[in-house]
Protein chains: 2
Amino acid sequence: MTTAPQPTVTEAVDDYLKAIFELAEEGGRASTASIARKLEIAPASVTGMLRKLAEQDPPWIAYEKHRGAVLTDRGRQRALEIIRHHRLIESYLHHTLGYSWDEVHDEAEKLEHAISEQFEERIAEALGDPQSDPHGHPIPRKDGSMPERNEIGMLELEVGAGALISRVSDRDPELLRYFSRLGVRPGVRLELVERSPFDGPLLVRLDGATELTALGNKICREIHVSPDGPTEEP
Amino acid sequence: MTTAPQPTVTEAVDDYLKAIFELAEEGGRASTASIARKLEIAPASVTGMLRKLAEQDPPWIAYEKHRGAVLTDRGRQRALEIIRHHRLIESYLHHTLGYSWDEVHDEAEKLEHAISEQFEERIAEALGDPQSDPHGHPIPRKDGSMPERNEIGMLELEVGAGALISRVSDRDPELLRYFSRLGVRPGVRLELVERSPFDGPLLVRLDGATELTALGNKICREIHVSPDGPTEEP
DNA sequence: GCTCCTATTTAGGTATGCCTAAATGGCTGC
DNA sequence: GCAGCCATTTAGGCATACCTAAATAGGAGC
């Protein structure tokens, strides 16, 4: 008769659930190694934690040795709650406290664990229930649903096609400052004019400008666009 | 040659420093038992932590066995920083996010550890560098100085004297709601009309009202007043 | 089917910060 | 000056969440 551990929610648990959710979004199961990379900890530490998360009652994840982790409904619900916190905080810092969009991520990373439901409600209200954060990432609703949108990776856009920038990656402040300088931000219209060969840069016309902008292939992986319809302005 | 431990600042360290500061303010050295009571942990745990805080290099406190703890300059500086965080956050929650004054303490208790210097600066600016929080407690300045004020305990007021309420205790939400109902809050003028015998209630006239208000003796310990001059409105 | 290589797990260890129970110190009253 | 009491410290443990080093599993290529 083994003991049935209680489902304690520590900061570490939240970080794991968020990481697993984001990895799953990017495609498939979250492997031990990928979680370790994302959280910047040793793979061995991840194994131990995954075992614990799966053994909680009720469990946060389903875990099989050598096969990585998948969130349970409960785990996904919790992950979405944290992501909602994070993105609402980012929006609040940007719109109300004058943070630039390259400054919000780190601050939100700390605050997302500390705020109450009341705080969440108040800032959501103050912002008018936004659907996306300053980088264009969708904000999960209170009920756990996600604003659906029709978006593709920048690299999948066809030459000659127009699109609205829907979101950019929020991880690297330096990249965000570069995007700022270029005028690349969610809501901006662009047209893919030319695709250089050998995975070279994409030449795009931003917001009807006369000049073209070259976007390196690697950087384009950090940009998503809505190919046809209008998208939400953040 | 023993090792010289680094001065790590964890949440627990901050909580201890804040507790010791507040106990010292209320009079003299902070004893092991009083810290344990304030932090709601066992006295034995406090002993171990005090030893560690004193052994850090540079030390946060001076500690002698059986004689309690006193903050070093460095420790006091850190304590004031945390208290500034706490009181600015309380003010922000109250004035900007519509929290009532009995709701702010618990939220601030969590956020004070999570915010950056930038966040502190932004909310201080948004509030116009306030000198006191919603309960009337003075907010330490960035340089570590405290707004000086001329205040005494409510119980020390003389019969017939007028005064401005300068601050009330922030710990007990229920007490704060009671104060709200009575109209007891910082900045309100009162006059001590009568002091009941045997440590009975104080009868006061609040804000020029016609009716008198009875304030129990115990509750009066949670109220401070400025006997002569005007005080800062929070 | 076997060999490698890499991903993963196991084993054992560390630091933090809390706990309880038992030992000791310091002070007060007689 | 000593008895007794309360505050405090000591000793030994526990949970969390990380680490490194060594063992093992799975899958690709031959």
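Note that these values count all heavy atoms, side chains included, but never hydrogens, waters or copies made by symmetry. Convention: sequence-line order gives letters A, B, ...; per-chain numbering from 1.
- Residues from residues 65-72 of chain B with heavy atoms under 4.0 angstrom of DNA chain C, sorted by number: B:His66.
- Checking the phosphate oxygens (OP1, OP2) of D:dA17, a side-chain nitrogen or oxygen of A:Thr10 falls inside 4.0 Å.
- Residue B:Ala42 has its side chain nearest to C:dC19 when only D:dT10, C:dT8, C:dC19 are considered.
- OP1 or OP2 of D:dC18 sits under 4.0 Å from a side-chain N or O of A:Tyr16.
- The distance from atom CG of B:Asp15 to atom P of C:dC18 is 8 Å, rounded to the nearest whole Å.
- Under the side-chain hydrogen bond (donor to acceptor under 3.5 Å, both in side chains) rule, B:Glu81 has a single partner from B:His85, B:Arg78, B:Arg84, B:Gln77, which is B:Arg78.
- Under a cut-off of 6.0 angstrom, the local environment of CZ in A:Arg122 is crowded, with over 12 non-hydrogen atoms contributed by other residues, nucleotides or ligands.
- Between B:His86 and the choices B:Val104, B:Asp170, B:Ile139, B:Ile115, the side chain to side chain contact (heavy atoms under 4.5 Å, CB included) rule is met once, by B:Asp170.
- When the side-chain nitrogen and oxygen atoms of A:Ser45 are compared with OP1 and OP2 of D:dC19, one or more of them lie within a distance under 4.0 Å.
- Judged by a 6.0 Å distance limit and a 45° cone about the ring axis, B:Arg74 is positioned over the six-membered ring of B:Trp60.
- The separation between A:Leu50 atom CG and D:dA17 atom P is 13 Å, rounded to whole Å.
- Using a 4.0 Å heavy-atom criterion, one finds that B:Ala33 contacts the sugar-phosphate atoms exclusively.
- Atom CD in A:Glu55 sits about 15 Å away from atom C1' in D:dT16, given to the nearest Å.
- Scanning for ring-ring contact (aromatic ring centres under 6.0 Å, His included) contacts around A:His94 gives an empty result, with sequence neighbours left out.
- Figure legend: cation-pi geometry between A:Arg76 and A:Phe21 absent, as NZ or CZ is not positioned both under 6.0 Å from the six-membered ring centre and within 45° of its axis.
- Between A:Met49 atom CE and C:dT8 atom P the separation is 18 Å, expressed in whole Å.
- Counting any heavy atom pair closer than 4.0 Å across all strands shown, A:Thr32 reaches sugar-phosphate atoms only and no base atom.
- Nearer to the 5' terminus of DNA chain D, by closest-nucleotide assignment, is the contact made by B:Tyr63 (compared with the other of A:Ala12 and B:Tyr63).
- Comparing atom distances between the A:Ala44 side chain and each of C:dA11, C:dC18, D:dT8 picks out C:dA11 as nearest.
- Atom P of nucleotide D:dA17 and atom CD of A:Glu11 are separated by 10 Å, given to the nearest angstrom.
- Judged purely by atom type and a 3.5 angstrom limit, A:Glu103 uses its side chain to pair as donor or acceptor with the backbone of A:Ser100.
- Summarising the geometry, the separation between CD on A:Glu40 and C1' on D:dC19 is reported as 15 Å, rounded to the nearest angstrom.
- In this structure, the NZ atom of B:Lys52 is 10 Å from the P atom of C:dA15, given to the nearest Å.
- Protein atom CD of B:Gln56 is 12 Å distant from nucleotide atom C1' of C:dT16, rounded to whole Å.
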